[in-house]
Amino acid sequence: MTIAETARSDYASLLEGDRIAGRAYTDPEIFAEEMEKIFYRTWVWVAHESELPEKGSFKTTRVGQQPVIVSRDRKHQFHTLVNRCRHRGSTVCDLPKGKANGFTCPYHNWSYALDGRLRGIPYPEGYEGVVEKSDFPLHRLRTESYLGMIFATFNEDAEPLEDFLGDAKPWMERFFKQSNGYPTKVTGIHKFRFRGNWKIQLENTTDGYHFPMVHKSWMASVDAETADMMSFMNDPEAVTHDLGNGHAVAIMAPGNSDLDVDDGAPLQPRFDHVVAELRESGEYSEEQIRRFVRSIHGAGFNLNTFPNVSMSISFLRVLVPISVDETEIWHMSLGMDGGPEVVNQERLRIHEHFQGPFGFGSPDDSEGWERVQMGAAGDPDMPILLNRGLERETDVDGQRTSQVTDETGMRGAYAMWKKMMSDD
């Protein structure tokens, strides 16, 4: 048996249908293979267009473990560049975000344009006949966007982004309806790390089963209408769809899953002050005001796009793998660019209450993730179960579907994981 055949056999044994071996979370060699076969071969989310609002705007992030810069050039084109000087390997940008005319290595001052072209070498006499600037740009990744979401890949042969997103696209369109016709903007980012494998968090976003147990303190802290909206445990309309390519959607509040559909239910009294301020401004119709208030909580679902970003109710959750047992999470709150500020502020307060640094949700979730990592080290070949709802899955328009507390989305994500890890 060849090395490649042995590897495929190993991954087949790690993931057998509805269970995965615990060492998939703890083995550094598996993690290294995931970087090569998943994060460096498929589309990875890197930015939202609102983070790069002007010519010269940039942000730094990672694709897998590789540092990258995402930039907007003078023609408003987006680029994703490996943050590594072509001379001696130093990073050329150390700021998390900003605006610049280009990037200059601090070591020997080689300078690069916003699109990565090498445009200047100090004291060039020593490079005559040795270096042609056109041969040494920053390494550029393929970069494409959909609905303002920017993705990049090292794989020049990867399918077009829209093909990869596939059946996730209609749900992305629904998600961004919460901006009510205004451009979506990122209004804040909370970054933190937890001591656990990236796949543990990937599972969590479509795991409705944990919600009433892990987040009971949050449920006790909100008004009755919000608690009722998130009481989905036995709701037959609250379902999870496996969307293919590792993507899945978990519909937790069916009444909010398409904001174009209004059932006429009374608005929550907690937002009476928002209604009053919008009316007092005289800028909006009663229909617009109702739409604004209904959208404050966001869409009624979590949309996971494999492997690293979810559009979760009203915010973006990004996972950045650091090592086999450490992951960075970005929670990015969203608002309307040009929309009424009172609505944006209310959305931000709700985000802070659950996902902010002093909120209820993030500490509860991250403790659970870390406990899974610690437990997975005990008998690492003992399987992690992914079988909830397996016998009640149905086919809905070609998509495996089950109740939102079932593990249909996880099974779909791991099927994609296994396919990519088994490819040569």
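Just the heavy atoms: all of them, side chains too, but no hydrogens, waters or symmetry mates, feed the values below. The structure presented is a predicted model; accordingly, all values stated were derived computationally and were not measured.
- The only member of R291, R290, K177 that meets salt bridge (charged side-chain N to carboxylate O under 4.0 Å, His left out) when paired with D262 is R290.
- Atom CD of E341 and atom CG of L348 lie 9.0 Å apart (nearest 0.5 Å).
- Remark: W417 engages E34 in a side-chain hydrogen bond (donor to acceptor under 3.5 Å, both in side chains) (not counting sequence neighbours).
- Between atom CD1 of residue I20 and atom CZ of residue R411 there is a gap of 13.5 Å, rounded to the nearest 0.5 Å.
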Carefully, step by step, assess E132 and Y127 under the rule side chain to side chain contact (heavy atoms under 4.5 Å, CB included). CA-CA 8 Å; E132 288 291 334; Y127 289 107; over 6 Å; no
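- Using modelled atom types and a 3.5 Å distance limit, the side chains of Y414 and E203 yield a donor-acceptor pair.
- The local environment of NZ in K55 is sparse, with at most 12 non-hydrogen atoms from other residues, nucleotides or ligands closer than 6.0 Å.
- Checking E346 against H273 by side-chain atom types alone, a donor-acceptor pair falls below 3.5 Å.
- Using a 3.5 Å distance cut-off with no hydrogens or angles, the side chains of Q345 and R349 do pair a donor with an acceptor.
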Could you check T206 against T240 for side-chain hydrogen bond (donor to acceptor under 3.5 Å, both in side chains), going step by step and ending with a plain yes or no? CA-CA 8 Å; T206 58; T240 296; over 6 Å; no
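- Screening residues 113-123 for side chain to side chain donor-acceptor pair (under 3.5 Å), with sequence neighbours left out, gives D115-R117.
- How far OG of S362 is from CZ of F192: 4.5 Å, rounded to the nearest 0.5 Å.
- In this structure a side-chain-to-backbone donor-acceptor pair under 3.5 Å is missing from T153 to R142.
- Looking only at atom types and distance, the side chain of Q268 has a donor-acceptor partner in the side chain of H297 under 3.5 Å away.
- Looking at E51 and K59, a side-chain N of the basic residue comes within less than 4.0 Å of a carboxylate O on the acidic one, giving a salt bridge.
- For S145 and E49, the side-chain atoms include at least one donor-acceptor pair closer than 3.5 Å.
- Proximity of a side-chain donor or acceptor of R388 to a complementary backbone N or O of T405 within less than 3.5 Å is detected.
- Taking the charged nitrogens against the carboxylate oxygens, K169 and E162 do have a contact shorter than 4.0 Å, which makes a salt bridge.
- Other residues, nucleotides and ligands contribute over 12 non-hydrogen atoms within 6.0 Å of the CD atom of E156.
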Show the numbers, then the answer: is there a side chain to side chain contact (heavy atoms under 4.5 Å, CB included) between W45 and V318? CA-CA 8 Å; W45 185 90; V318 186; 3.4 Å; yes
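- Note that CD of Q201 is 4.5 Å distant from CZ of R317, once rounded to the nearest 0.5 Å.
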Mind running side-chain hydrogen bond (donor to acceptor under 3.5 Å, both in side chains) on Y146 and E173 for me, showing each step along the way? CA-CA 10 Å; Y146 184 73; E173 293 164 10; 2.8 Å; yes
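- With sequence neighbours left out, the side-chain hydrogen bond (donor to acceptor under 3.5 Å, both in side chains) criterion links D73 to H79.
- Crowding of D397 atom CG: a count of heavy atoms from other residues, nucleotides or ligands under 6.0 Å not exceeding 12.
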Stepwise, does the side-chain hydrogen bond (donor to acceptor under 3.5 Å, both in side chains) test hold for S312 with N302? CA-CA 4 Å; S312 183; N302 286 352; 2.8 Å; yes
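- For the atom pair I296 CD1 and R347 CZ, the distance stands at 8.5 Å (nearest 0.5 Å).
- Classification of K191 and E328 as a salt-bridged pair fails, no side-chain N sitting under 4.0 Å from a carboxylate O.
- Side-chain contact of N197 with Q373: a donor-acceptor pair under 3.5 Å is absent, judged by distance alone.
- The residue from H241, H247, Q399 that alone fulfils the side-chain hydrogen bond (donor to acceptor under 3.5 Å, both in side chains) condition with D167 is Q399.
- More than 12 heavy-atom neighbours from other residues, nucleotides or ligands sit within 6.0 angstrom of CZ on R140.
- Remark: L386 CG to T408 OG1 distance equals 11.0 Å, nearest 0.5 Å.
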